[in-house]
Structures are given as C-alpha cells and as structure tokens.
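Below is one structure; the comments refer to it alone.
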Amino acid sequence: MRLSPNYGAEMTFRQRLWQVNWSLIFLIAVIGGVGIAMLYSAGGGNMQPWASRQGIRLLVGLMGVFAIALVDIRIWLRYAYVIYGLVLLSLGAVEIVGSVGMGAQRWLRFGGFQLQPSEFMKIAVVLALARYFHRLNIEDIGRPTYLLVPLMLVGAPVALVIKQPDLGTAVMLLLGGGAMFFLAGVRLWKFGVVLVAGIASIPIGWNFLHDYQRQRILTFLNPETDPLGSGYHILQSQIAFGSGGVFGKGYLQGTQSHLNFLPERHTDFIFTMLAEEFGLVGGLLLLLLYAILMVYGLAVAVRSRNHFGRLLAMGVTVTILLYVFVNTAMVMGLIPVVGVPLPMLSYGGTALLTVLTGCGFLMNAYIHRDIRIARHASEA
Amino acid sequence: MKPEQDRGRLFTRRALFLAGGQAVLFTGLAARMYYLQVLESDRYAVLADENRISLRLLPPPRGRIVDRFGVPLAVNVQNYRIVIVPEEADDVDRMLTRLGRLVEVDEHARRRILREVRRRRAFVPITVRENLTWEEVSRIEVNAPDLPGISIDVGQTRFYPYGEAAAHSLGYVASVSERELTGDPLLELPGFRIGKNGVERQFDLQLRGSAGNAEVEVNALGRVIRELRRQDGQPGQEVHLTIDVGLQEFVARRVENERRAAVVVMDAHTGDVLSMVSTPSFDPNAFNEGLSGKAWRTLINNPDTPLTNKAIAGQYAPGSTFKMVVALAALEQNISPAIRSNCVGHTQLGNHKFHCWKKGGHGSVDMIEAIKESCDVYFYDLAKKVGVDRIADMSRRLGLGSTLDLDIPGERAGLIPTKDWKQATIGIPWQLGETLVVGIGQGYVLTTPLQLAVMTARLVNGGFAVKPRLTLAPPGVDPADEPPRKFESIGLSDRARQIIIQGMNEVVNNPQGGTAYGSRIKDETMAMGGKTGTSQVRRISLAERDRGVRKNKDRPWRERDHALFVGYAPMDAPRYVVSVIVEHGGGGSKAAAPIAKDVLLETQKRDPSAARAGRVATAPAPSAKSTSGQPQ
C-alpha cells in the first residue's frame, strides 16, 4: 500500500486550509461577477432588484464553498445517504405543502426563504451515487443486481420531479445519474438496454398521466403549438443573439433586453442578454470560462486517489456543464424550451447555492485528493 | 490492489470520454453562435429594429380658408382636452368622480372611459373631455395635485369663427368614416378629421397637407421610450374664397327670419360668388366637436333641410324670371318687340284657359311693357310663336339646365324641357299647352338660384358665358398671380340685350306698373334692375279660382307660392347680380324684391370686386401669410 508522502490517512484543519485552490475560487468569483454585472444590466443599470441580492448570495455561497471543502471527505462519505434522504424527503414535502410557481409545484417555504428541493437533488444524487459506487469493485459493477439500488436512487427523485411536473429537471437528473453510472464503469450495452426499455415504457407511463400533465408534456415537446408563449420567446432570443453581432451592442445597450422583448432576461435568458450586449466575443469568452471549470474538474477527478472523490468531482462537474449546455442550447433555439438556469449567472438563490455547493464538493475532492478511503468502512 | 487500480484507469478513460463529449457539445454551441451572430446577424439586426422602432405619423395642420380679403373663415385653434393615464391614476373610477366635481363628466362619457381603460394598456392616455373652456382648464390646473393621472392636453381642432353664416360654402369637417378610408394612413389616426362638405370637402386633399413622421423607440408593450428621428410634414394649403364675409353676414342676417330661402350674389363679369346664403343654416363647429346621435337626427329630419345648400341644390320653377329667356329667344327669331298682345286676363287654347296673374288683364302690351308688368298672356303668345326647343336652346346658353362647375360639391342641374326630352323620359309627345306654361317659367322648368344669378349675369355682362367660382385661385396659388378669367360670347345681339335690360330696368324703376317699383333703390348711382318671379307650388283649381281663395296669405304656408327675384346693379354699368328665392314667400315683388334691394345696396356700398382689386394694386400679397393670427 502506497501512502501519500505528505499526509497519510489524516489531515489537520491547517493542512486542509493550506490546500485550498485559490484559482478555483477566483474562477467562481469571475463567473459570479459576470452574473452580477449582467443582473445590473437586466435591472436597467441598477443594483435593484437583482444584482445586489445576487451579490450577497454569491458572498454567502463562497463561504459555503469553504465550509463544505474543509470538512473531511470521509464525513461526507458517511452522511451521503442521510443528506440524500433529507433532500428526497423535502422533495416529497413539495408534493404536499409546496407552492405553485410557473405552473408547477417546485417551491418550499421556510420563513422568508423559498427553496427548490429539486435543485439540491442534482447534487444529492451525485453524492449518493458516489457513495454507492465507491464501495463496489469492478466485478460487482458487472452484476446487474448491484445496479438496482443506484437505479432507485435516481428513479425516486425523478418520479417526484415528474409529478410536479418538471420534466426538464427530471431529464437532467437522468442524464446526471447516467453520467455517474458511466463513470462508475457500467457496461455500455446496459445503457442501450435501459434506453430501449425506457422508450418502450413510454406508452405505458402515458396512461398513468392526467390529461393536464399530458398537455404539458405535449407543449413541452412541441412549443410551436404555443406561438405566443415559448415559441415567441425563442424567436426574440434568437433576434437578440443575431442582432448582437460579433462585438455586441455594448453594455446596458441591448435593445431586445432593455425594451422587454426578451423574456426572463434575469433568469433563463441571461446568456441571451450577455450575447446581445457583448456579441459573439462575449458569449465565447463566457463559454471559455465554463470550459476552464470543466478542465479543472476533470483534472481534480483524475488526480484524486480515492474513488469517492473522483466520482464526486467528475459528477459535480458534468452536472454543472450539462446545465450550461442545456441552457445555452435552449436560448439559441437548438433544443426545446426547458426551464433550466445558467449556473452562477441566472438570478435565483437555490440555483446559485446548489452550484456553489457542487463547487464546494469539487474543492473538497481537490483538498482530499491524496486521502485514501477503503471500499468498506471496516477497512478504514 | 490491482482491481482498485483497474477501477481508477477505467474511471480516467471514461472521465476523459465524458469531457471530450462535453467539448463536442461546446463546439456545437460555438458553431450555433457563429451562425446566429455572424452569418445571420444582418437579418436579425433588422428584426430587432423592427421590434423597437415604431413609425408615428405627425398630422399636418389643416390649411386655412379665408375670404376674398384674407379674413379667416376656417382656422385651427387649440383644443384643450382632459386626458387620464390609468396607471398614474390608481383608481380611475374615483378619479373621475373627483373630476366630476370640477367639470361636467356625464354618465355616458364615464362608461366609455371605463370601457377603454379595460381595453387599452395602462399607459395609454384616454380622452375624458374635449374643447374645454379657459375656466375649466384653470379649475383643473389649480386642483392638479389632487388629480394624479389627469392632465390637460393640447390638440388642434377646426374652428369656424363665423359659425352658421358661411356654413354651406365652407362645409365642415368630421371624423373619417369606414367608407372614406383610402389607404392614406393619416385617415386612420384617431381623432383625424376630413372635409365632409363644401370647400372643406372639395379641396380636402390640398387643405389636408401631407403627414410628417417620427421614429420612436418602443418597448415590447408599445410604450414610447424616446424619439429617434422626426420629419415634419407639409402643412395644408390655404384656400382663398371669392366670398366677402362681411357681405355674407349681412345677407345671412337679412334672410334669417325667412323659413327657407336662398340668396346668391355674384360678380357679373368675373363670376366671383360674393355671397351665397341658404337658410336655415347649421353650425359647422358642432360636427367637429362630435355630434350626438340625437342632434344629428334632428338635423337630418328637419323638414327645412338645414344641411342642403339651397342656392345650388334647391331646384325651383323660375316663374316669371324665365320670361327674359323667352323674350331673347323670340328676338333671335326676328320677332319684333313692338308686336303687341292684348291681355284680357287669360288666353284660350283649345278648350283650356290659361290665366294671367292679373285678373282683369293688362290690356295691350308690347315686349318691354310685358316684362315690366310681367304679363303672362303676352308670354303665352310669344312662347307659342317661338316654340319650346328654341326656348330650351336659349336657356342653355344662359346657363340653365346644367351644372356650372362651381368648385364645391352638391350642385344640381335643374331641368330645361324639350320635345325630345319629354318623349324620351315620359314617353308622351309634347303638348302645345305645355309650351305656354314653359313661357312663364312653370311646368317642367327647374332652376337653381345659382343658375338664375348666372343667367342674369350673362344678360347684363355683355353676353359672355361667365361661370361662377367660389375660390379665387387653386390652393397654393397666390390669387394675385391668378390671371383674369376670359369667357366666350354666347352670341346675343346687343340690341336684343338692350331691349331686355330696358324691360328689367322698368320692372324696378317705372312707377307705371313696374312690379318691383316698391323696391327700387332711390340713389340713382346705385339703382338696380331686375325681374320678379312667382312660382306656383300647386295648380290652382277652377273651383278655388271661383271661390276666390287665391290670396297667398289665405293658403297654408306649404301651399303658398315661392317668391323669386333676379337683379343687377348699378343700372348703368351692371357689375353685381343677385338672385333671391324665398320658399312659400308669396309674390316675388313683395317677398323677394325687398331682400334683393337691400342686398344689392349693401353690395354696392362694400363694392367687394373693386375693393379687392384696389387692395391687390396697393399691397401685393395682403391676404396670404401676414394674417395668420388666430381668433380667440
């Protein structure tokens, strides 16, 4: 057994603090800063109503990144299921006491706060799956019975989210979960089987849905049936992109955004506003920042010596990047409209907190990259 | 720990694969951005501008209408109106109640406003009331702090300072109706007015001008953010009328007590219509302010047809004023004016008796005496000799029987019968008795007061085919630059004209039987000549004649005769002609001649033709731009 030259099995708090990767913090701060600048523009050149609140959340969230990163990775391993269970419970609670927003039940109120448990579930699923696959050896993964539990870990929240109904998040959870299965080493043909089985079960599942749910799914699949709704939004978004040109119309000068032709410019369509005001150059630079985040996450995952950390780091990175892709592809009219925020730019507390929590785990995996963790607790 | 290392290697492979997949997706995003922002950029830039730039029309100020001396007859004045912006007045209903304590806001308007508030966007101002008085404006301004969302807005509205006096010539403006939309976007502007009658209608396009436009930036809700560009329109052109508004007012006042009457005063040489009055009249300002349905029905259903310009659209049998036509036609047939007829009060044709207005008859009369005393029997005989077709020919040369191209709409042609006409329209051959009736201007013959004025003008102006006009020059042309009009001769011999004029002079000035002697102008330099006319509204039955119920005042108003008079002055060198009709006024000498006398006297005192000529000579362009001051 090869021991880490520096730390061995245990790390002191000081050692962990020493290991904090400031370039990741800087990257998060830069992307978050771009978000605040865009929210300032979305407010018509005003810190109110969005930019200042998002700024405070960013600061709180960055502290959260440290808090999560500095906790021993084995504690997260130990409580992974507990955390997952709590988020799943709150997701179930939405069904009972949640409030309706944008036509779907997504929100839980805690005093003055509103939380969207489905957002947190994106990270919780990654955490739980990393915990599960961590203890499987390569032979176990080949056995189908060992895949039942992780399938349920993904299936339970997906079912609850569909019921809200929030098909977008459900699909994202499935894709994120699938990525974890893939990273864990599940054979490719099994993905094929699941895909075929999934497609085959659509007609059966269809019968269990209410009429209004079917209607929502149909509208989601076919936005042209609602030309003044999402179809109009996507057209206006593309006009904003196109009219921005190579260098954009200038900060605070976006006509589509500031004259309200662009819907939801502070949330789902914030990338559109950026592309209108800063053009192709600005849009590509932002994508470059996300690409750097991805490379960073990949490096952390590959460098990590414990499987839990590897899976956690890569799972979080893939999830965040998946959201970036779905959001930007949606606002550019490449895929149908799904209510997916742009990580760290879109206004919204829960979404920002979720992404920063993910970044906290990424940092955590980085700090504890040389810690070895036995497959079973008894070996530790 | 070999499995552990295998697991690590497998993970690394798959992580790299996933990262590679993400890189491919990102490349796809970049490609899409390139497509949208480089390849299709121009198209989307246009779409974005179409989104944000809205073209607003700027209505041009309507051209003024002025009289022959430049006195404004139709102008634009400030129209103060109350508007309410719903989003600034948190409770529109309560605000209207509060406003109602200061100025009147009736229930009807209130319902309309509340309806519009629901239909329009909250920032669109809604008109509460228009045409506020100064007092109302100041009352609202003083209370402005208590009336959030309510403000005073200034627009332009048409105003006719002389009101009813010249309404028929000017016409009026009113809202555009569905049928009148021509595709000119101006017409679709809310509150835009177009000319509906008279000069306002005839020259509507020139008076309207052309619209300017402004490019404004709007947001997705249509709210105007700022103005990007403005191009002012072309104001409407000024129209100069031939009317002398002072004379017009005088005439209008002179006949305002007649129930239905029309008067035309014209320059016999130029054809300038100096005054044209039709009673009853209407207030053209009322149309502009928006007539209520009830007020409109009252106007339309009024049996005295205030909206009709009786001077050009009223068709009346000319009665004895037609006798000059018959006499001229006879003179042209070389029938001697000295030939006498013996009037015993009637003449016999077959077994039908044709009466003279004078029961005992005029005795022996020649042509001049027959005109002077308006002997019917003489003209029965004369008409019989001349024949109806020659009378018709002479009528047409004198301007009767067809429209005269006056520059306002609504002119009627009247009717001059011929043998062919009767055969063609009624299908019965002409009867000789009908020629006799035509000889005294009755029967089928119909003329308008304007035609009678033109007829008189052509007689006294040396025999030229003068045509009437209401505008001094086409819009946009300085009347000073307009060359004098030339008219063709209608081929009357001077001798014939002199005989007729002699007769007409004696009608007014010969105490021995002149039918209008009572209305003569005593100042010899202004003396007038003319001819009375009395046109029967209904045939008088033999029984009535025997009973002796013949006097007009004994008959119901509706059955009384129309009174007519055509005249000219000054007698020695006629310049002005007048034609007067008083519907159901009784005899021409009693009801129409006194009006003509007063009008011709006033016309000569004012002498509008000479006055204008003098003005133009001394001050080149007195009327056009210098007098732009607005009334009130």
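Order of the sequence lines sets the chain letters (A, B, ...), proteins ahead of strands, with each chain counted from 1.
- Using a 4.5 Å cut-off between heavy atoms, I141(A) does not touch chain B at all.
- Among the candidates L321(A), L298(A), L136(A), L280(A), the residue making the largest number of heavy-atom pairs closer than 4.5 Å to chain B is L280(A).
- With respect to chain A, the highest number of heavy-atom pairs below 4.5 Å among N51(B), I225(B), V218(B), D49(B) belongs to N51(B).
- No other option in A30(B), A23(B), A19(B), G21(B) has as many heavy-atom pairs under 4.5 Å with chain A as A19(B).
- In summary, the side chains of R310(A) and H307(A) do present a donor paired with an acceptor at a separation below 3.5 Å, with no hydrogens or angles considered.
- Comment: D140(A) does not engage R135(A) in a salt bridge, judged by the lack of any side-chain N to carboxylate O separation of less than 4.0 angstrom.
- Judged by the 6.0 Å distance and 45° axis criteria, R32(B) is not positioned over the aromatic ring of Y35(B).
- Both the backbone and the side chain of M332(A) come within less than 4.5 Å of a heavy atom of chain B.
- At a 4.5 Å heavy-atom cutoff, the contact between A275(A) and chain B is made by backbone and side-chain atoms alike.
- Taking chain A as the reference chain and counting heavy-atom pairs below 4.5 Å, the highest number among R13(B), Q22(B), R43(B) is found for Q22(B).
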Worked verdict on Q253(A) versus E277(A) for side chain to side chain donor-acceptor pair (under 3.5 Å): CA-CA 6 Å; Q253(A) 305 292 315; E277(A) 297 193 345; over 6 Å; no
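- How far CG of L345(A) is from CZ of F271(A): 9.0 Å, rounded to the nearest 0.5 Å.
- For the set L322(A), L334(A), N260(A), the count of heavy-atom pairs under 4.5 angstrom toward chain B peaks at L334(A).
- Both the backbone and the side chain of L188(A) have a heavy atom closer than 4.5 Å to some heavy atom of chain B.
- Of the atoms belonging to L47(B), heavy atoms from both backbone and side chain fall under 4.5 Å from chain A.
- Side-chain rings of Y44(B) and F241(A) stay apart, their centers remaining 6.0 Å or farther from each other.
- Judged by the 6.0 Å and 45° rule, R187(A) forms no cation-pi pair with F191(A).
- For Y290(A) and F325(A), the ring centers are positioned 6.0 Å apart or more.
- Among the candidates L25(B), L16(B), T12(B), the residue making the largest number of heavy-atom pairs closer than 4.5 Å to chain A is L25(B).
- Contacts of Q238(A) with chain B are made by both backbone and side-chain atoms, with heavy-atom separations under 4.5 Å.
- Proximity to chain B involves both the backbone and the side chain of L183(A), based on heavy atoms less than 4.5 angstrom apart.
- Between the side chain of N306(A) and the backbone N or O of I371(A) there is at least one donor-acceptor pair closer than 3.5 Å.
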